[in-house]
Amino acid sequence: MTTALIIGGGVAGPTSAIALRKAGIKSVVYEAYDRTADGIGANLVLAVNGYRALLELGVDHLSAGFDIPRYRYHLGSGRVLAQVRNGRPLPDGTVARAITRSDLYASLRDEAIDQGIQIEFGKRLVDTEVTADGVIAYFADGTEARGDLLIGADGAHSVVRRVINQGEVPMRFNHMVTTSGYAHGVDVPNEPGTEFMYLGKRSFFCYIPSDDGTIWWYAAPTWPDEPTSDDLAAITPRQWRARLREMFTDDNSAAVEIIDATEEITPPRPIYDLPTVPVWRNERMVIIGDACHAVSPSGGQGVSMSVEDAVELGRCLRDIPDIPTALERYERIRRERVEKVVEFGSSSSRSIAVRGQVRRIARDVFLPIAFNQKAAEKDLENMSWLYDHRIDWDEPVTV
Ligand SMILES: Cc1cc2nc3c(=O)[nH]c(=O)nc-3n(C[C@H](O)[C@H](O)[C@H](O)COP(=O)(O)OP(=O)(O)OC[C@H]3O[C@@H](n4cnc5c(N)ncnc54)[C@H](O)[C@@H]3O)c2cc1C
């Protein structure tokens, strides 16, 4: 029986373990951090295409989080541009789901553990070795694990990607940072299930009123030059809060009120993506999820791509007994789609960036003409390739 070593217990790792189990393949997941390390973290939205892929594995609907079927775009002046569906609902009514990162990780890991999958925490991969009949994973604590196949689901700064590509693959800075928080006890315009997005005068802001009255939010300030970690570390929480308040003070939105009602704001974090990774695999190893195609958060597709990867990899390994051939088939199925999605994420980043006030004023004049309700609905139809994508688990994969 094939045994897979899965590196990374985020989204792609546990999901691929569930897919492999369904395909009759044993796996063990190795996660660098302790189980309790997730914290509440950023909030995110699982798009319908990713949700559909997850359900295809036979897991239940997520109990954590809440449905978020639509979003509404505003200018900083408060003018509504359009209200659009967050993708077309699935036939059973399932829509996109807002969920915290930690709840999503916990849901996927718990599902894997309930299915009898072994997850080992505190195991940081440092190196790998392909042998004549398998692969060895070496961990920072001096231990090792052996298997027939190794799946690198170790995120944007993947060690497995570096090994497979024999060096670093540079990430692309999106000229933007992201920051987020959870506001309590604030009364803001609210409509359940709606993301309120503001193309502000100086920055993009989005809030989502949750079921329990907490306001989930994030902002994506434009940042022309790539910051170093020292640049960012030099900004104190108090300075960052003041900068954010100042950024949104001229907007007719609830941003400042929401920021004031937030106890802890995540520090600014640069946004990167990975447009293309030259090598995805060798004879015994493959990368999936952010390790091989990190998507800008502006595209709202990183989780979905990771889940879709996991399902497709499971199908390939189920139907093609020769591992290198199965991995080659997997790459053929996935590469074009994920690279297109990374470009979509990058163009979403550009579309919310504020590059100077002259351009911003022009945007505020022309956008209501170009991006009205009708145009936004047409846009959604044009995005059918993304949101309506269906992977059929039962369909056999042929070489
Ligand atoms: C601020 C922000 C907001 C986002 N919002 C959205 C959104 O709204 N919608 C969306 O779809 N996506 C969003 N994303 C993207 C999404 O979070 C990622 O695409 C997704 O988490 C990728 O899953 P993954 O499993 O590939 O990687 P991760 O979720 O990063 O998981 C990788 C795991 O591997 C572990 N690991 C790393 N190195 C090692 C090692 N050497 N050994 C062992 N384990 C290791 C890590 O600890 C981690 O648990 C957002 C991202 C950010 C940063």
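Read the numbers this way: they start at 1 and go in the same order the structure lists the ligands and their atoms.
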Undergrad: Would you say Asn165's side chain and Val279's backbone share a donor-acceptor pair under 3.5 angstrom?
TA: yes

Undergrad: What about Val11: any of its N or O atoms under 3.5 Å from an N or O on ligand 1?
TA: yes

Undergrad: Count I, L, V, M, F, W, Y as connected when their side-chain heavy atoms are under 4.5 Å apart, and connections chain through other members. Are Tyr330 and Val130 then in the same cluster?
TA: yes

Undergrad: Taking only heavy atoms of Ala12 into account, list the atoms of ligand 1 that are under 4.0 Å away from them.
TA: 24 (P), 25 (O), 26 (O)

Undergrad: Check whether Thr15 reaches the backbone of Ala12 with its side chain - one donor and one acceptor, N or O, closer than 3.5 Å.
TA: no

Undergrad: Name the option, out of Asp154, Leu44, Thr179, that contains the heavy atom nearest to atom 7 (C) of ligand 1.
TA: Leu44

Undergrad: Just to check, does Arg101 reach to within less than 4.0 Å of ligand 1 when the distance is taken from its heavy atoms?
TA: yes

Undergrad: For Gly302, take its heavy atoms, then give the atoms of ligand 1 lying under 4.0 Å from any of them.
TA: 10 (C), 11 (O), 12 (N), 19 (O)

Undergrad: Under 4.0 Å from ligand 1, counting heavy atoms only, is it the side chain of Ile7, its backbone, both or neither?
TA: side chain

Undergrad: So, for Tyr73 and Phe371, is the gap between ring centers shorter than 6.0 Å?
TA: yes

Undergrad: Is it the case that ligand 1 has an N or O less than 3.5 angstrom from some N or O of Glu31?
TA: yes

Undergrad: I'd like to check whether Asn43 has a polar contact with ligand 1, where a contact means an N/O of the residue lying under 3.5 Å from an N/O of the ligand.
TA: no

Undergrad: Check for me whether the distance between the ring centres of Tyr198 and Phe205 falls short of 6.0 Å.
TA: no

Undergrad: In sequence, state the C-alpha distance, the side-chain angles, and the governing distance for Trp280 and Arg335, and then conclude on side chain to side chain contact (heavy atoms under 4.5 Å, CB included).
TA: CA-CA 9 Å; Trp280 280 25; Arg335 191 183 266 276; 3.0 Å; yes

Undergrad: With heavy-atom distances below 4.0 Å as the criterion, list the atoms of ligand 1 near Val45.
TA: 7 (C), 8 (O), 9 (N), 10 (C), 11 (O)

Undergrad: Out of all atoms in ligand 1, which are within 4.0 Å of some heavy atom of Tyr105? Include the element for each.
TA: 28 (P), 29 (O), 30 (O), 31 (O)

Undergrad: Taking the side chain from Ser306 and the backbone from Gly302, do they hold a donor-acceptor pair closer than 3.5 Å?
TA: yes

Undergrad: Taking Glu395's backbone N and O only, do any of them form a donor-acceptor pair with Arg315's side chain (distance below 3.5 Å, no angle check)?
TA: yes

Undergrad: Under 4.0 Å from a heavy atom of Arg269: give me the atoms of ligand 1 that qualify, with their elements.
TA: 53 (C)

Undergrad: Out of all atoms in ligand 1, which are within 4.0 Å of some heavy atom of Ala153? Include the element for each.
TA: 32 (C), 33 (C), 34 (O)

Undergrad: Hey, does Val159 sit under 4.0 Å from ligand 1 if you only count heavy atoms?
TA: yes

Undergrad: Got an N/O contact under 3.5 Å between Ala156 and ligand 1?
TA: no

Undergrad: At less than 4.0 angstrom from any non-hydrogen atom of Lys123, what atoms of ligand 1 do you find?
TA: 42 (N), 43 (C)

Undergrad: When you compare the side chains of His157 and Asp290, does any donor N or O come within less than 3.5 Å of an acceptor on the partner?
TA: no

Undergrad: For residues Ala53 and Val307, report the shortest heavy-atom separation together with the two atoms involved.
TA: CB-CG1, 3.8 Å

Undergrad: Counting the benzene-type ring for Trp, do Phe173 and His175 have ring centres under 6.0 Å apart?
TA: yes

Undergrad: With a heavy-atom distance limit of 4.0 Å, tell me whether Ser306 approaches ligand 1 through its side chain, its backbone, both, or neither.
TA: side chain

Undergrad: When you look for heavy atoms under 4.0 Å from ligand 1, do you find them on the side chain of Thr178, its backbone, both, or neither?
TA: side chain

Undergrad: Could you tell me which atoms of ligand 1, counted from 1 in the order shown, lie closer than 4.0 angstrom to a heavy atom of Gly289?
TA: 26 (O)

